[in-house]
Number of protein chains: 2
Amino acid sequence: MQDQLKLDNFICFAVYTASHALNRVYKPLLDTLGLTYPQYLAMVSLWEQDGQTVGGLGEKLFLESSTLTPLLKRLETAGYVRRERSREDERVVVIRLSEEGIRLKEKAIGIPGCIAAASGRDAVDLTRLQAEIVALREALNKSVA
Amino acid sequence: MQDQLKLDNFICFAVYTASHALNRVYKPLLDTLGLTYPQYLAMVSLWEQDGQTVGGLGEKLFLESSTLTPLLKRLETAGYVRRERSREDERVVVIRLSEEGIRLKEKAIGIPGCIAAASGRDAVDLTRLQAEIVALREALNKSVA
DNA sequence: TACGATTATTTATTGCACGATATAAATTCC
DNA sequence: GGAATTTATATCGTGCAATAAATAATCGTA
């Protein structure tokens with residue numbers, strides 16, 4: 001049989017299942033923060049840079065605003081962010097961390113270490129692999145655009 | 001600032017966004033087959049080996065039966081598979097490809113090539129990266145178990 | 001001022017993923 | 001042989017992601 005259509009040879013299957021595996025490691029950690037995985041990513045991005053617009057966040061997270069809007073509303077309901085329409089340009093909504101959202105960072109600071117530990121690799125190796133996967137992503141994104 | 005909590009250094013973010021990027025490349029291809037991405041993976045597994053049980057499929061795809069059952073029902077509604085209770089062990093449900101499901105393979109045979117092309121890497125490099133990501137998955141899965 | 005472009009929201013749909021629970025057969029133990 | 005245990009699957013309910021399409025508001029510009 002040609003191994004053309006064999007699951008174990010699919011890069012996509014590897015990425016897909018790795019993503020699930022990561023999610024399973026994250027789940028219990030994020031549960032303690034009351035965040036889902038994409039919500040966590042949004043928070044990380046806001047901890048990096050507060051006051052981003054919905055569109056700006058979407059660009060960083062590779063998500064459409066129609067995906068982000070309900071997600072951000074949940075974060076607002078949870079009390080982690082505020083959504084404020086910009087004064088300068090009233091089309092734009094700016095997302096700002098609340099006090100509680102800022103505090104949450106302290107509880108999240110240990111998570112990357114847990115993941116790294118679970119991956120069973122040292123930091124250097126992990127960084128290299130991470131860069132490779134990013135390169136794959138960029139190539140794929142370029143092919144679609 | 002410590003780059004501890006920096007999105008661009010997260011292996012998880014790389015995998016997550018790469019998974020999305022793959023999905024975007026797949027989407028138009030799979031639309032012509034009338035399949036979603038996880039449905040496609042299930043079909044690939046069945047093309048490899050017809051007549052698998054729900055549990056067996058779940059083990060290969062790393063999915064719970066509670067996730068697979070509705071997915072397989074949709075494939076059944078689409079006319080690609082039949083779900084038959086096993087004679088020997090009536091707890092077990094066996095999934096069998098329909099004629100149409102078997103024929104679908106011909107239309108799918110070209111997809112992996114498209115993905116490989118979109119990734120912008122040669123086969124050897126892709127295989128190497130694939131193996132690395134699988135290794136990451138295995139390490140993560142082991143850490144949860 | 002009118003028009004096109006930008007930005008976000010709303011609405012609706014589809015499907016994934018999982019936990020909890022129920023069920024049912026097979027196996028094992030007494 | 002019958003009861004308890006194990007194993008496998010299905011069902012139900014919840015939550016959320018992701019997208020498409022339509023709408024609305026605003027901005028910049030011709």
Side-chain angles (χ1 to χ4, degrees), chain A residues 12-13 15-28 30-31 33-43 52-59 61-78 81-95 144, chain B residues 13 15-17 19-28 30-31 33-43 52-78 83-95 141 144:
Chain A
C12 72
F13 183 60
V15 173
Y16 175 75
T17 52
S19 184
H20 279 179
L22 276 165
N23 216 337
R24 281 182 200 118
V25 176
Y26 268 106
K27 189 76 177 15
L30 294 182
D31 279 350
L33 308 186
L35 295 175
T36 66
Y37 185 58
Q39 285 170 7
Y40 167 69
L41 295 178
M43 290 299 289
Q52 293 184 71
T53 67
V54 175
L57 263 176
E59 213 162 311
L61 302 177
F62 300 91
L63 293 174
E64 300 298 316
S65 69
S66 53
T67 300
L68 273 177
T69 294
L71 186 155
L72 292 170
K73 281 188 175 177
R74 282 183 213 111
L75 287 180
E76 187 178 42
T77 303
V81 305
R82 275 188 302 275
R83 298 160 58 250
E84 299 166 1
R85 203 160 280 276
S86 164
R87 289 285 168 80
E88 304 96 55
D89 184 343
E90 295 209 357
R91 297 171 299 180
V92 173
V93 168
V94 174
I95 311 299
V144 176
Chain B
F13 183 60
V15 172
Y16 176 75
T17 52
S19 185
H20 279 180
L22 276 165
N23 217 335
R24 280 178 201 124
V25 177
Y26 268 106
K27 188 77 177 9
L30 294 182
D31 279 349
L33 308 186
L35 295 175
T36 66
Y37 186 59
Q39 286 171 5
Y40 167 69
L41 295 178
M43 290 297 290
Q52 294 184 69
T53 66
V54 176
L57 264 175
E59 214 162 309
K60 285 198 180 167
L61 302 177
F62 300 92
L63 293 175
E64 303 296 316
S65 70
S66 53
T67 301
L68 271 177
T69 294
L71 185 154
L72 293 169
K73 282 187 176 177
R74 284 187 280 271
L75 286 179
E76 188 178 41
T77 303
R83 297 161 59 249
E84 299 166 2
R85 202 159 282 277
S86 164
R87 289 285 168 78
E88 305 96 54
D89 185 343
E90 295 209 359
R91 297 170 302 181
V92 173
V93 166
V94 175
I95 310 298
N141 279 341
V144 177

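Quick note on labels: first sequence line is chain A, next is B, and so on, each numbered from 1.
- A donor-acceptor contact shorter than 3.5 Å links the side chain of B:T77 to the backbone of B:K73.
- A close approach under 4.0 Å does occur between a side-chain nitrogen or oxygen of B:T36 and OP1 or OP2 of C:dC16.
- Here C:dT14 presents its C1' atom at 15 Å from CG of B:L30, a figure rounded to the nearest Å.
- At most 12 non-hydrogen atoms from other residues, nucleotides or ligands lie less than 6.0 angstrom from CD of A:E64.
- Between the side chain of B:R91 and the base of D:dT7 there is at least one donor-acceptor pair of N/O atoms closer than 3.5 Å.
- Closest contact between the side chain of B:T67 and the listed nucleotides C:dA26, D:dC16, C:dA17 involves C:dA17.
- Nearest nucleotide to the A:R74 side chain, out of D:dA17, D:dA10, D:dA18: D:dA17.
- One finds a side-chain N or O of B:T69 lying less than 4.0 angstrom from the OP1 or OP2 phosphate oxygen of D:dA10.
- Separating the CG atom in B:L33 from the OH atom in B:Y40 is a distance of 8.0 Å, to the nearest 0.5 Å.
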Q: Take B:Y16 and A:L22 through the side-chain contact (heavy atoms from CB on, under 4.5 Å) test and state the conclusion after the steps.
A: CA-CA 9 Å; B:Y16 176 75; A:L22 276 165; over 6 Å; no
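- Neither OP1 nor OP2 of C:dA17 sits under 4.0 Å from any side-chain N or O of A:K27.
- Within 4.0 Å (heavy atoms only), A:E88 reaches sugar-phosphate atoms of the nucleic acid but no base atom.
- Look at B:T53 and you'll find a side-chain N or O under 4.0 angstrom from OP1 or OP2 of D:dT9.
- If you check every strand for non-hydrogen atoms under 4.0 Å, A:Y16 touches sugar and phosphate atoms only.
- If you check every strand for non-hydrogen atoms under 4.0 Å, B:L71 touches sugar and phosphate atoms only.
- If you take CG of B:N23 and P of D:dA20, they are 11 Å apart, rounded to a whole angstrom.
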Q.
Please evaluate residues B:L57 and B:L63 with respect to the criterion side-chain contact (heavy atoms from CB on, under 4.5 Å), reporting the C-alpha separation (whole Å), side-chain torsions for both, the decisive distance (0.1 Å), and the verdict.
A. CA-CA 8 Å; B:L57 264 175; B:L63 293 175; over 6 Å; no
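- Atom pair B:L57:CG and C:dC16:P shows a separation of 14 Å (rounding to whole Å applied).
- For A:S65 and A:D89, each mapped to the nucleotide of DNA chain D holding its nearest heavy atom, the one lying further toward the 5' end belongs to A:S65.
- In this structure, the CD atom of A:Q39 is 5 Å from the P atom of D:dA17, given to the nearest Å.
- Closest to the side chain of B:L63, out of C:dA17, D:dT9, C:dT9, is C:dA17.
- If you take CD of B:E76 and C1' of D:dA10, they are 14 Å apart, rounded to a whole angstrom.
- Summarising the geometry, the separation between CG on A:L72 and P on D:dA17 is reported as 10 Å, rounded to the nearest angstrom.
- Regarding B:H20, its NE2 atom lies at a distance of 13 Å from the C1' atom of C:dG15, rounded to whole Å.
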Q. Should A:L68 and A:I95 be marked as a side-chain contact (heavy atoms from CB on, under 4.5 Å) after you check the CA-CA gap, both sets of side-chain angles, and the distance that decides it?
A. CA-CA 11 Å; A:L68 273 177; A:I95 311 299; over 6 Å; no
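- Listed pair A:R83 / C:dA8 fails the phosphate criterion, with no side-chain N or O lying under 4.0 Å from OP1 or OP2.
- For D:dT19, the OP1/OP2 oxygens have a side-chain nitrogen or oxygen of B:R24 closer than 4.0 Å.
- Note: CG (B:D31) to C1' (D:dA18) measures 13 Å, nearest angstrom.
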